[in-house]
Amino acid sequence: MKLLSGTLEEIRMHNSMYDETAFRLTKETKIQFPEAFEGDFVIGVHTWNKGGGYGKFFNEYSSLILENQKTSISKESNCLNVVLEIHNDFLIDEQSYVEYNQNDNACFKEYFCAMGSWHKNAKRIEYCDIIAFFLASNNELTDKEDLKLLENLNTLADLTLELPKDYDFSYLIPPVEVYKEIIEEYCARMDPRKLAPLQKEIKDLKLFGTATQRIHNHLSYKLGQIMIRNSKSFFGFIKMPYLLIAVTLAHKEQEKIYKEKIKANPNLALSPLESYKDYQALKEKECLTYKLGEAFIKATKTWYKGGFIKFFFEVKLFV
């Protein structure tokens, strides 16, 4: 590159992976492409700006301008080691220059996806560190040359290389396909076992949700709820016996259906209440509603021994 004005400081940029030599363009620097490259296209530029350190690679950015007799293109770059594509056609002519972008007055402005110049905290540094330009020849091939080039490429694609035994280290490559089959077979066997407890929990949640909801579905809780709700009015006392009988019969029918399903498929059995995450909901069994229904069920089983008389005394204790 030919230096037309300013300085072109040489800077060494390196880290644990790369070691590059960059040339710094400042506001006063202007360089020109040599005559040997006239007629070629600029397709990319390799930059590595020396920024403010970790965390500022994307917020700090630089910008340069490519300019020839017909057009000008501005290109932004961050503070990482990157190669930027030039999306618009830029043909090198006898007056093709590169300089630091100060005024943002280029015909085409090309952004970089990994550069946040739009961000409110973005900061433009006053230089651009360039490592290299990538050029593409503008030579036009004839049809015969195109066909010959295509034939050569096809020949290369079909070519089988044989390495000498001294340089053949393929035996070091593990049998990846075999390992893949072993892992897939293991996963096919183990995944159902690992997922079984989770699927069981999901099934229980779909059916009854939580331990609290399951307790509320117990016959004791249902009967206690009916007695409390209907004990507040005269008409409630009148319809209470009918409601208790109807709910009891419906609950027994549900239990019958559930047992038949379990007999056909034992996997449908519900988990113990203690296994639920809200197992503390077992305290619901100590509430008045549950105890009242539980005492009523005991009374119906021992009615011939004066179960209901005992029930009325127990109700007074609960209240």
Side-chain angles (χ1 to χ4, degrees), residues 1-140:
M1 300 292 287
K2 183 179 179 181
L3 180 62
L4 299 181
S5 63
T7 59
L8 199 61
E9 182 184 355
E10 185 175 322
I11 299 173
R12 183 191 174 199
M13 299 293 291
H14 62 93
N15 56 22
S16 59
M17 293 184 65
Y18 304 104
D19 192 345
E20 302 282 0
T21 300
F23 298 89
R24 175 162 295 181
L25 270 67
T26 62
K27 292 181 178 180
E28 294 78 23
T29 307
K30 188 174 185 179
I31 56 178
Q32 183 179 14
F33 286 98
E35 294 181 6
F37 300 120
E38 289 183 13
D40 292 346
F41 284 100
V42 180
I43 60 173
V45 56
H46 184 186
T47 66
W48 192 351
N49 295 308
K50 191 171 184 180
Y54 183 79
K56 298 182 179 180
F57 296 127
F58 302 102
N59 288 338
E60 291 189 354
Y61 72 100
S62 179
S63 180
L64 57 84
I65 285 185
L66 302 172
E67 184 177 1
N68 60 17
Q69 292 178 334
K70 293 184 178 180
T71 187
S72 59
I73 302 171
S74 68
K75 191 72 182 181
E76 294 181 348
S77 65
N78 57 23
C79 292
L80 294 174
N81 185 7
V82 293
V83 174
L84 309 169
E85 310 95 335
I86 305 299
H87 302 292
N88 293 279
D89 290 341
F90 185 85
L91 184 67
I92 298 175
D93 56 26
E94 58 187 13
Q95 295 183 23
S96 295
Y97 310 107
V98 181
E99 57 186 329
Y100 177 81
N101 180 19
Q102 300 185 55
N103 303 317
D104 288 328
N105 56 359
C107 298
F108 298 100
K109 186 172 184 179
E110 295 187 0
Y111 296 93
F112 180 37
C113 62
M115 179 57 254
S117 60
W118 46 267
H119 197 272
K120 63 179 181 179
N121 295 326
K123 177 185 176 183
R124 179 186 288 189
I125 54 180
E126 297 183 349
Y127 54 83
C128 184
D129 297 331
I130 300 174
I131 295 171
F133 289 97
F134 294 88
L135 309 181
S137 176
N138 194 27
N139 295 332
E140 295 183 0

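Separating the NZ atom in Lys27 from the CD atom in Glu99 is a distance of 13.0 Å, to the nearest 0.5 Å. Within the model, atoms CD1 of Ile43 and CD1 of Ile86 stand 9.5 Å from one another, a figure rounded to the nearest 0.5 Å. Expressed to the nearest 0.5 Å, how far NZ of Lys2 lies from OH of Tyr97 amounts to 9.0 Å. Remark: Asp104 CG to Asn101 CG distance equals 4.5 Å, nearest 0.5 Å. Separation of atoms OG (Ser96) and CD1 (Ile31) is listed at 11.5 Å; rounding is to 0.5 Å. Between the CG atom in Asn105 and the CD atom in Glu67 there is a gap of 8.0 Å [rounded to 0.5 Å].
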Glu60 and Asn78: CA distance, side-chain angles, deciding distance, side-chain hydrogen bond (donor to acceptor under 3.5 Å, both in side chains) verdict: CA-CA 6 Å; Glu60 291 189 354; Asn78 57 23; over 6 Å; no

Derivation and outcome, side chain to side chain contact (heavy atoms under 4.5 Å, CB included), residues Asn49 and Cys128: CA-CA 6 Å; Asn49 295 308; Cys128 184; 4.0 Å; yes

Chi angles and distances behind the side chain to side chain contact (heavy atoms under 4.5 Å, CB included) call for Val83, Phe134: CA-CA 9 Å; Val83 174; Phe134 294 88; 3.8 Å; yes

Side chain to side chain contact (heavy atoms under 4.5 Å, CB included) between Val82 and Trp48, intermediate numbers included: CA-CA 6 Å; Val82 293; Trp48 192 351; over 6 Å; no

Verdict with supporting geometry, Leu84 and Thr47, side chain to side chain contact (heavy atoms under 4.5 Å, CB included): CA-CA 8 Å; Leu84 309 169; Thr47 66; 4.1 Å; yes

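Contact check for Phe41 versus Ile92: no side-chain heavy atoms found under the 4.5 Å cut-off. A heavy-atom distance below 4.5 Å is not found between the side chains of Leu3 and Phe23. Residues Thr71 and Asn88 fail the side-chain proximity criterion, which asks for heavy atoms closer than 4.5 Å. Between Asn81 and Ile131, some side-chain heavy-atom pair lies under the 4.5 Å cut-off. Annotation: side chain of Ile125 is not in contact with side chain of Tyr61 (no heavy-atom distance under 4.5 Å).
Between Val98 and Leu66, the shortest heavy-atom distance links the atoms CG2-CD2, 3.4 Å. In plain terms, the two heavy atoms of Arg124 and Gln102 that are nearest each other are NH1-O, 4.0 Å. Of all non-hydrogen atoms in Ser63 and Ser74, the two that sit nearest each other are OG-CB, 4.3 Å. The two residues Thr26 and Tyr100 make their nearest non-hydrogen contact at O-CB, 3.3 Å. Closest approach of Met13 and Ala22 over heavy atoms only: CG-CB, 4.2 Å. Nearest heavy atoms, Glu38 versus Glu94: OE2-CA, 3.4 Å.
The existence of a salt bridge linking Asp89 and Lys70 is excluded, since no basic side-chain nitrogen approaches an acidic carboxylate oxygen closer than 4.0 Å. Between Asp129 and Lys50 there is no salt bridge, since none of the side-chain N atoms of the basic residue sits less than 4.0 Å from a carboxylate O of the acidic one.
Applying the side-chain hydrogen bond (donor to acceptor under 3.5 Å, both in side chains) rule to pairs touching residues 4-13 yields Arg12-Asp19, sequence neighbours excluded.
Close placement of the Phe33 and Phe133 rings is indicated, their centers lying within 6.0 Å of each other.
Other residues, nucleotides and ligands place no more than 12 heavy atoms under 6.0 Å from the CD atom of Glu126.
For Ser62 (side chain) and Ser77 (main-chain N/O), no donor-acceptor pair under 3.5 Å exists by modelled atom type.
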